Asks: 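What follows is a structure written as structure tokens; I'll ask about it next.
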2 protein chains.
Amino acid sequence: MASLKSHNKKEQDLSLTKNQKIVLNLLQNSSEPLKAYSILDSLKTEGLKSPLQIYRALDKLEKLGKIHKIESKNSFIACSNSNCARNTAFTICESCGNVKELKNNYLSDGVNELIKKNKMSITRYNLEFYVLCKNCKTN
Amino acid sequence: MASLKSHNKKEQDLSLTKNQKIVLNLLQNSSEPLKAYSILDSLKTEGLKSPLQIYRALDKLEKLGKIHKIESKNSFIACSNSNCARNTAFTICESCGNVKELKNNYLSDGVNELIKKNKMSITRYNLEFYVLCKNCKTN
DNA sequence: CTTGAATTGTTATATTATTACATAATGTAA
DNA sequence: TTACATTATGTAATAATATAACAATTCAAG
């Protein structure tokens with residue numbers, strides 16, 4: 001087991017530490033973005049008791065591209081692509097706050113075009129599209 | 001002067017209240033985004049002494065589209081277009097943090113195309129492009 | 001003038017995030 | 001292996017950002 005783990009490190013990010021795994025797991029199983037202190041509350045049972053333990057795990061996961069921060073909501077969401085550490089795009093429902101990550105492939109061509117046309121030399125981008133989600137439209 | 005002022009209210013947003021004007025003025029004369037508490041510090045001399053006075057002015061100005069919040073920096077910047085209350089786009093230097101608002105016209109066509117192509121029904125957007133600004137490139 | 005909406009002032013408090021410091025685990029090169 | 005650097009941990013304290021609650025005031029519309 002141990003040897004398997006270390007062998008696959010890079011591919012599967014099994015190199016995550018205990019705290020990082022716990023936090024990532026919570027986010028991956030959440031249907032909505034979570035706030036740091038709400039994560040903390042949820043993980044008190046797992047032995048995480050200080051904000052810093054959460055923030056440190058979040059920082060690392062974000063750098064790895066495994067999660068993203070929705071800045072306008074001070075919330076964190078698991079990456080639904082494949083570890084996009086640099087470019088992100090979300091839709092955010094203006095009514096209920098529901099957030100979805102847009103698939104890289106859907107956008108990247110269009111965004112690249114946009115960038116070229118405007119002669120911008122971009123190292124990274126974050127796009128937030130505000131919408132009315134299906135649920136909220138019908139209500 | 002006074003009569004001119006009241007006559008042009010709507011066009012020039014002279015209807016702003018005292019606090020709102022003071023805060024907007026500070027932001028318009030700033031070369032960089034400012035944080036709420038730094039605004040508070042700067043305006044202690046003008047009689048503004050509580051965070052809430054600042055936040056309330058900022059909220060109002062943001063709704064009017066006269067300023068924007070850079071969420072990832074918890075900072076505020078005066079609008080450099082004409083009161084774009086809904087759609088915003090910025091470049092943010094990854095090195096020095098320098099922020100510039102992109103002109104609406106530069107982007108809007110391209111963004112609209114992008115939205116159409118992806119069949120999104122967007123009510124509003126905020127685009128953050130991270131760059132290396134000229135200064136930081138050469139250093 | 002008077003009524004209702006918006007704005008203000010003030011205190012207290014909630015929420016989000018980091019500093020500082022001591023310790024332990026892990027990786028790596030001699 | 002030892003030794004050294006790097007990374008992660010735990011904990012307490014505190015900084016930075018933002019809002020709640022309430023009383024008082026301003027100010028335009030009827």
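For the numbers below, each heavy atom of this structure counts, side chains included, while hydrogens, waters and symmetry mates do not. Everything quoted here is computed from the prediction, not taken from an experiment.
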Asks: Output the single nucleotide from dT8(C), dG10(D), dA17(C) whose closest atom is nearest the side chain of Lys18(A).
Replies: dG10(D)
Asks: Which one, dA18(D), dT8(C), dT11(D), comes nearest to the side chain of Arg56(A)?
Replies: dT11(D)
Asks: Starting from P on dT11(C), measure out to CG on Leu40(B) and report it in whole angstrom.
Replies: 13 Å
Asks: State, to the nearest 10°, the angle formed by the axis through the first five base pairs of the helix from dC1(C)-dG30(D) to dA30(C)-dT1(D) and the axis through its last five.
Replies: 40°
Asks: I need the CD-P distance between Glu62(A) and dT18(C), as an integer number of Å.
Replies: 10 Å
Asks: For a 4.5 angstrom cut-off between non-hydrogen side-chain atoms, does Ile39(B) reach Leu58(B)?
Replies: yes
Asks: Which parts of residues 25-37 of chain B get close to DNA chain D, meaning a heavy atom less than 4.0 angstrom away?
Replies: Lys35(B), Tyr37(B)
Asks: Taking the side chain of Asn19(A) as heavy atoms from C-beta outward, which of dG9(C), dA17(C), dG10(D) is closest to it?
Replies: dG10(D)
Asks: Give the rounded distance in Å between these two atoms: CG of Asp59(B) and P of dA6(C).
Replies: 14 Å
Asks: Among Leu61(A), Ile54(A), Leu48(A), whose side-chain contact (heavy atoms from CB on, under 4.5 Å) with Asn19(A) holds?
Replies: Leu48(A)
Asks: Using whole Å, what does the distance between atom C1' of nucleotide dA8(D) and atom CG of Leu61(A) come to?
Replies: 13 Å
Asks: Looking at Thr17(A), does any N or O in its side chain come under 4.0 Å of the phosphate oxygens OP1/OP2 on dT9(D)?
Replies: yes
Asks: Measure across Asn126(B) and Glu128(B) and return the closest heavy-atom pair with its distance rounded to 0.1 Å.
Replies: ND2-OE2, 3.4 Å
Asks: Is there a side-chain contact between Leu43(A) and Ile22(A) (heavy atoms, below 4.5 Å)?
Replies: yes
Asks: A side-chain contact here means heavy atoms from C-beta on lying under 4.5 Å apart; do Phe129(A) and Leu102(A) qualify?
Replies: yes
Asks: Just by distance, do the side chain of Arg124(A) and the backbone of Val131(B) share a donor-acceptor pair under 3.5 Å?
Replies: no
Asks: Check this one for me: any side-chain N or O of Asn74(A) less than 4.0 Å away from OP1 or OP2 of dA17(C)?
Replies: yes
Asks: Check the distance between dT16(C)'s P and Lys73(A)'s NZ and give it to me in whole angstrom.
Replies: 12 Å
Asks: Could you tell me whether Lys44(A) atom NZ has more than 12 heavy atoms of other residues or ligands within 6.0 Å of it?
Replies: yes
Asks: Are Ile92(A) and Ser72(A) close enough, and set up right, to give a side chain to side chain contact (heavy atoms under 4.5 Å, CB included), and what steps lead you there?
Replies: CA-CA 10 Å; Ile92(A) 304 174; Ser72(A) 60; 4.1 Å; yes
Asks: Can a side-chain donor-acceptor contact be found between Glu32(B) and Asn98(B) if the only test is distance below 3.5 angstrom?
Replies: no
Asks: Taking all non-hydrogen atoms of both residues, which atom of Ile77(A) and which atom of Phe90(A) are closest, and how far apart?
Replies: CG2-CE2, 4.0 Å
Asks: Would you kindly give the CG-to-C1' distance between Leu58(B) and dT19(D), to the nearest whole Å?
Replies: 14 Å
Asks: From the set dA8(D), dT7(C), dA17(C), return the single nucleotide nearest to any side-chain atom of Lys60(A).
Replies: dA8(D)
Asks: When you check the gap from the basic side-chain N to the acidic O, do Glu62(A) and Lys69(A) get nearer than 4.0 Å?
Replies: no
Asks: What pair of heavy atoms forms the shortest contact from Lys35(B) to Ser75(B), and how long is it?
Replies: CG-OG, 3.5 Å
Asks: When the distance from OH of Tyr55(B) to P of dT11(C) is rounded to whole Å, what number comes out?
Replies: 18 Å
Asks: Please give me every residue in residues 44-53 of chain A whose heavy atoms get under 4.0 Å of an atom in DNA chain D, ordered by residue number.
Replies: Lys49(A), Ser50(A), Leu52(A), Gln53(A)
Asks: Base, sugar-phosphate, or nothing: which does Lys69(A) touch, judged by heavy atoms less than 4.0 Å apart?
Replies: sugar-phosphate
Asks: Rounded to whole Å, please give me the gap between CD in Gln20(B) and P in dT26(D).
Replies: 16 Å
